[in-house]
Asks: 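Here you go, one structure.
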Amino acid sequence: ATLGGYGKRIAKLETRTSSIDSGFPVALLPGVISSTYTAGSDPEVYINGATTLSGPFKYLTSYTPAANDSVLLAPLGVSRTYVILGKLSA
């Protein structure tokens with residue numbers, strides 16, 4: 001292996017791990033959709049017990065958001081945002 005070859009391999013590794021090293025959380029997070037949410041828009045969410053709303057967030061087409069739903073959010077890599085996976089059971 002040459003020094004140039006190592007450089008290319010390191011660059012490739014940095015690209016693959018950029019979301020992990022970005023400082024952005026990579027864990028799934030619980031949230032609650034705003035009580036003022038109306039259908040037809042991307043919902044804002046109180047994440048992990050926060051007192052301020054975050055978002056709006058996109059959601060999977062298999063889920064229909066509703067006000068006050070308890071939901072699970074997943075990070076979207078280097079985009080530094082989340083997607084709502086669906087409703088959590090009570």
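Residue numbers run from 1 in the order of the sequence given.
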Asks: Rounded to the nearest 0.5 Å, what's the gap from OH on Tyr37 to CG on Asn68? Could you check?
Replies: 12.5 Å
Asks: Is there side-chain contact between Leu53 and Tyr46, with heavy atoms separated by less than 4.5 Å?
Replies: yes
Asks: Starting at CG of Leu28, measure out to CG of Asn48 and round the result to the nearest 0.5 Å.
Replies: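 Taking CG in Leu28 and CG in Asn48, the distance rounds to 11.5 Å.
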Asks: If hydrophobic clusters are built from ILVMFWY residues whose side chains come within less than 4.5 Å, do Tyr59 and Val71 share one?
Replies: yes
Asks: Please report the interatomic distance CG(Leu72) to CG(Leu29), rounded to the nearest 0.5 Å.
Replies: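 The CG atom of Leu29 is 8.0 Å from CG of Leu72, to the nearest 0.5 Å.
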Asks: Using distance alone, with no hydrogens and no angle criterion, decide if Tyr63 and Asp69 have a side-chain donor and acceptor under 3.5 Å apart.
Replies: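 A donor-acceptor contact under 3.5 Å links the two side chains.
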Asks: Any heavy-atom pair between the side chains of Pro43 and Ile84 that's under 4.5 Å?
Replies: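 Sidechains of Pro43 and Ile84: in contact.
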Asks: Taking all non-hydrogen atoms of both residues into account, name the closest pair between Phe57 and Tyr82 and its distance.
Replies: CD2-O, 3.4 Å
Asks: Rounded to the nearest 0.5 Å, what separation is found between the CD1 atom of Ile47 and the CD atom of Glu44?
Replies: 10.5 Å
Asks: Calculate, to the nearest 0.5 Å, the distance between atoms CG and CG belonging to Leu85 and Leu73 respectively.
Replies: 7.0 Å
